[in-house]
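Values below: all heavy atoms of this structure, side chains included; hydrogens, waters and symmetry mates excluded.
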Amino acid sequence: MNKTIHTAKTALLALGASFALTLPALAQDHSGHAHHGAAAATPAARDAQAALTAGEITRIDARTGKLTIRHEDIKNLDMPAMTMVFALKNAQKAAAFKPGDKVLFMAEDEGGTLTITHIQPTS
């Protein structure tokens with residue numbers, strides 16, 4: 001029986017040691033995600049790397065300066081296509097658009113708020 005307990009303890013120690021050595025290999029690298037490490041990049045570098053996203057305005061709230069846009073994938077935010085509300089960095093620009101307008105825009109995560117920093121009608 002002592003031999004069985006000793007064998008079980010040895011097996012548990014070996015399992016624990018291999019698990020501890022494996023943990024670093026299992027850690028995920030999030031540096032490639034847009035919302036991680038973005039603070040280290042300069043705004044000019046982010047702008048140069050990011051492409052404008054195509055979308056269609058479905059609703060405008062001129063009072064709050066927010067647009068609801070049905071958009072394609074937003075690559076710089078690693079976000080799939082969907083319909084959602086965005087704040088406008090310059091709220092007065094809301095008056096230049098109407099529901100149904102097709103646009104190209106740049107959105108950024110500014111302190112947890114998805115904000116459109118650039119928007120233009122498509123040609």
Side-chain angles (χ1 to χ4, degrees):
M1 184 160 143
N2 276 343
K3 185 171 174 114
T4 305
I5 293 173
H6 179 66
T7 304
K9 284 182 182 179
T10 303
L12 284 174
L13 284 173
L15 181 63
S18 65
F19 183 70
L21 293 173
T22 306
L23 282 178
L26 296 175
Q28 295 181 4
D29 177 15
H30 293 285
S31 63
H33 294 277
H35 57 279
H36 293 285
T42 64
R46 282 193 309 249
D47 290 344
Q49 294 173 357
L52 295 176
T53 301
E56 179 181 348
I57 296 174
T58 60
R59 184 170 181 260
I60 298 170
D61 186 340
R63 183 180 60 80
T64 62
K66 293 185 178 182
L67 301 177
T68 303
I69 300 178
R70 182 179 319 123
H71 62 80
E72 295 178 354
D73 292 352
I74 302 177
K75 295 186 186 341
N76 66 305
L77 296 175
D78 195 25
M79 180 180 294
M82 65 178 78
T83 301
M84 61 184 302
V85 177
F86 294 90
L88 280 166
K89 189 164 190 98
N90 181 348
Q92 290 76 28
K93 286 191 175 188
F97 298 98
K98 64 185 182 314
D101 283 351
K102 306 257 193 254
V103 295
L104 293 173
F105 66 97
M106 169 61 68
E108 295 187 33
D109 183 346
E110 295 188 347
T113 300
L114 295 179
T115 303
I116 294 176
T117 58
H118 174 82
I119 187 166
Q120 65 189 48
T122 58
S123 334

*OG1 of T58 to NE2 of H71: how many Å apart, nearest 0.5 Å?*
10.0 Å
*If every non-hydrogen atom of L114 is compared with every non-hydrogen atom of M84, which pair is closest and at what distance?*
CD1-CE, 3.1 Å
*asked:* Assess the residue pair F86 and I74 against the criterion (side-chain contact (heavy atoms from CB on, under 4.5 Å)); give the C-alpha distance rounded to whole Å, side-chain angles, the decisive distance to 0.1 Å, and a yes or no.
replied: CA-CA 12 Å; F86 294 90; I74 302 177; 3.7 Å; yes
*Give the minimum heavy-atom separation between D101 and A96, together with the two atoms involved.*
OD2-O, 4.3 Å
_Under 3.5 Å donor-acceptor, D73 side chain and P80 backbone_ = no
_Listed partners of T64 passing side-chain hydrogen bond (donor to acceptor under 3.5 Å, both in side chains), at least two apart_ = D61
*Can you measure from OG1 (T53) to CE (M106) and round to the nearest 0.5 angstrom?*
6.5 Å
_Atom pair OG1/NZ of T113 and K66 - distance to nearest 0.5 Å_ = 7.0 Å
*Would you name the heavy atoms of H118 and L52 that are closest together and state the gap between them?*
CD2-CD2, 3.7 Å
_Using a 3.5 Å distance criterion without hydrogens, assess whether the side chain of N76 forms a donor-acceptor pair with backbone atoms of E108._
no
*asked:* Would you compute the distance between atom CG of L88 and atom CD1 of I60 and round it to the nearest 0.5 angstrom?
replied: 9.0 Å
*Check A91 against G65 and note the closest heavy-atom contact, atom names and distance.*
CB-CA, 3.8 Å
*Output the distance between atom CG (L67) and atom CD1 (I116), rounded to the nearest 0.5 Å.*
5.0 Å
*I119 side, atom CD1; K93 side, atom NZ - distance, nearest 0.5 Å*: 8.0 Å
*When hydrophobic residues are tied together by side-chain contacts of less than 4.5 Å, even through go-betweens, does V85 share a cluster with F105?*
no
